[in-house]
S.K.: 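Dropping a structure here in structure tokens format, bear with me for questions.
Just so you know, these numbers use all the heavy atoms, side chains as well, and skip hydrogens, waters and symmetry mates.
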Amino acid sequence: MLSVLIWLPILAAALIAILPTSIPNHRIRLTALVFSGVVLLWNLFILLKFDISNPEMQFKEYLPWNETLGLSYQIGVDGLSILMLVLNSLLTWISIYSSSKETQRPRLFYSMILLVSGGVAGAFLAENLLLFFLFYELELIPFYLLISIWGGAKRGYAGIKFLIYTAVSGALILATFLGMVWLSGSTNFAFDAFSTENLSTTKQILLLAGIVLGFGIKIPLVPFHTWLPDAYVEASAPIAMLLGGVLAKLGTYGLLRFGLGMFPDAWSIIAPTLAIWGAISAIYGAVIAIAQKDIKRMVAYSSVGHMGYILLGAAASTPLALVGAVAQMFSHGIILAILFHLVGVVETKVGTRELDKLNGLMSPIRGLPIISALLVLSGMASAGIPGLTGFIAEFIVFQGSFSIFPIPTILCVVASGLTAVYFVILLNRTCFGRLDNFAYYPKVLWSEKIPALILAAFIIFLGVQPTWLVRWSESTTTTMVAAIPTLEKTVISEVALK
């Protein structure tokens with residue numbers, strides 16, 4: 001059942017890559033859209049069959065592969081990964097739908113997107129360390145090509161920078177995985193075959209440091225974030241949606257699955273440092289975003305800030321904070337996706353992303369009133385306005401984290417307030433203001449509005465019905481929190497309060 005989410009996109013990528021050159025571009029796009037749509041529907045079917053009361057892996061599949069290496073095809077889904085799978089398939093379909101019908105080299109373009117989708121799904125489903133690593137690295141070259149070939153003016157530089165940083169991330173993670181198995185004396189890389197009970201505290205902290213650094217680059221956290229603005233800005237809007245909405249979630253998922261999940265003792269020891277790190281990333285991302293003149297770069301830096309909230313919730317490790325962290329992962333994915341899509345539409349119609357050159361887009365004279373209205377909604381969701389999914393996720397994180405880490409939580413609340421500042425600046429200068437001319441920009445087609453309308457529906461629905469956002473992960477995260485030593489949690493609380 002779960003293998004469909006991995007291998008159907010990969011097989012579709014191979015099929016599209018070998019299609020005859022005589023087939024028109026729009027037919028190739030339609031083929032990719034159909035395959036990604038089938039994957040999305042299958043993902044929703046699995047979501048409906050998912051037992052929210054069961055914290056363990058479900059729909060497990062196992063196939064021996066290479067027993068000498070301890071490598072097996074072992075996959076499953078739990079509350080930590082189910083929403084990430086839905087997010088991956090949803091944003092894959094939307095990125096293909098929102099791509100231009102005139103995209104150059106469409107066979108390669110859509111093949112790479114589908115290959116990324118299959119690789120990301122495999123990483124979220126893997127129950128074997130080496131299998132996770134293989135799928136984790138599968139997206140490296142496709143994303144590099146998607147940035148370097150279909151990106152902006154500095155796409156070559158951005159692609160190489162992304163490649164180097166991501167390769168370093170993978171090397172750290174592989175080295176840590178090998179160290180985890182060798183030091184524990186195991187010959188099997190399966191999740192359930194690994195235990196940290198026989199490892200000293202020093203060894204656990206060293207291994208956990210490799211996990212945190214490796215996935216911290218992928219998220220990315222300050223100061224490993226420098227690849228992000230270049231990659232997000234130079235990538236086309238559909239690819240930026242996948243970079244921010246899906247790829248970054250591999251980093252946060254890895255921290256929760258392998259950091260918190262496999263090193264609960266060591267995690268409780270370094271948690272205060274992680275909470276401070278999350279607060280610094282949140283403040284830094286918000287402050288730098290305020291200074292930006294390019295609205296796409298502003299949105300990119302906002303992502304750095306919002307990733308800090310997830311790290312704070314993971315560090316606090318209370319049942320409420322961890323549920324909030326997973327909810328923030330999903331909410332951030334759809335909010336960032338709609339922002340990048342809308343910025344892409346504005347750039348296409350107006351011809352610029354510069355704040356100093358944009359004004360009055362809300363006016364019917366400009367021809368972008370609906371896009372502007374959706375941009376206002378998206379900005380409000382990112383700023384955590386009540387009634388929208390961004391508020392629910394952030395509020396749960398802050399409420400669950402305050403009792404453990406009050407100062408980092410307050411700093412993240414301040415960062416949330418700063419988010420409202422830079423989005424007010426963005427919206428005031430782009431959607432409102434005095435018209436300096438009466439230029440009427442090209443009409444926005446309904447096909448260009450549909451992706452934003454779908455994502456906006458999710459933002460509103462999950463904001464009004466937050467149970468649909470948090471119910472999937474509650475059992476799994478509660479079980480994960482129970483594994484963290486109570487004594488260490490007490491010490492952390494005392495240190496944070498001092």
S.K.: Salt bridge (charged side-chain N to carboxylate O under 4.0 Å, His left out): which pairs involve residues 442-467, sequence neighbours left out?
M.R.: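 Counting only pairs at least two positions apart or across chains, the salt bridge (charged side-chain N to carboxylate O under 4.0 Å, His left out) contacts touching residues 442-467 are Lys349-Glu448.
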S.K.: Please evaluate residues His225 and Tyr284 with respect to the criterion ring-ring contact (aromatic ring centres under 6.0 Å, His included), reporting the C-alpha separation (whole Å), side-chain torsions for both, the decisive distance (0.1 Å), and the verdict.
M.R.: CA-CA 11 Å; His225 69 287; Tyr284 177 87; 5.0 Å; yes
S.K.: Do you see a donor-acceptor pair shorter than 3.5 Å between the side chains of Tyr110 and Ser36?
M.R.: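 Per modelled atom types, Tyr110 and Ser36 side chains form no pair under 3.5 Å.
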S.K.: If you measure only the distance, is there a donor-acceptor pair under 3.5 Å linking the side chains of Trp267 and Ser317?
M.R.: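 Yes - a donor-acceptor pair under 3.5 Å links their side chains.
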S.K.: How far apart are the closest heavy atoms of Ser382 and Glu394, and which atoms are they?
M.R.: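 In terms of heavy atoms, the two residues are closest at O-OE2, 3.5 Å.
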S.K.: List the residues meeting salt bridge (Lys or Arg N to Asp or Glu O under 4.0 Å) with Glu139, not counting sequence neighbours, and say none if there are none.
M.R.: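 So Glu139 forms a salt bridge (Lys or Arg N to Asp or Glu O under 4.0 Å) with Lys218.
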S.K.: Search all heavy atoms of Gly244 against all heavy atoms of Leu336 and return the closest pair with its distance.
M.R.: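 The pair with the smallest heavy-atom distance is CA-CD2, 3.4 Å.
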S.K.: Can you confirm whether Phe458 is buried at CZ, in the sense that more than 12 heavy atoms of other residues, nucleotides or ligands lie under 6.0 Å from that atom?
M.R.: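 Result for CZ/Phe458: open.
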S.K.: For Phe50, I'd like to know if atom CZ has over 12 heavy atoms of other residues, nucleotides or ligands within 6.0 Å.
M.R.: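 Yes, enclosed.
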S.K.: Take Tyr253 and Phe124, measure what ring-ring contact (aromatic ring centres under 6.0 Å, His included) needs, and give me the verdict at the end.
M.R.: CA-CA 8 Å; Tyr253 171 82; Phe124 285 137; 5.0 Å; yes
S.K.: Taking the ring centre of each residue, are Tyr309 and Phe398 less than 6.0 Å apart?
M.R.: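 Ring-ring flag for Tyr309/Phe398: true, centres closer than 6.0 Å.
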S.K.: Within a radius of less than 6.0 Å around CZ of Arg27, do more than 12 heavy atoms belonging to other residues, nucleotides or ligands occur?
M.R.: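 12 or below, so no.
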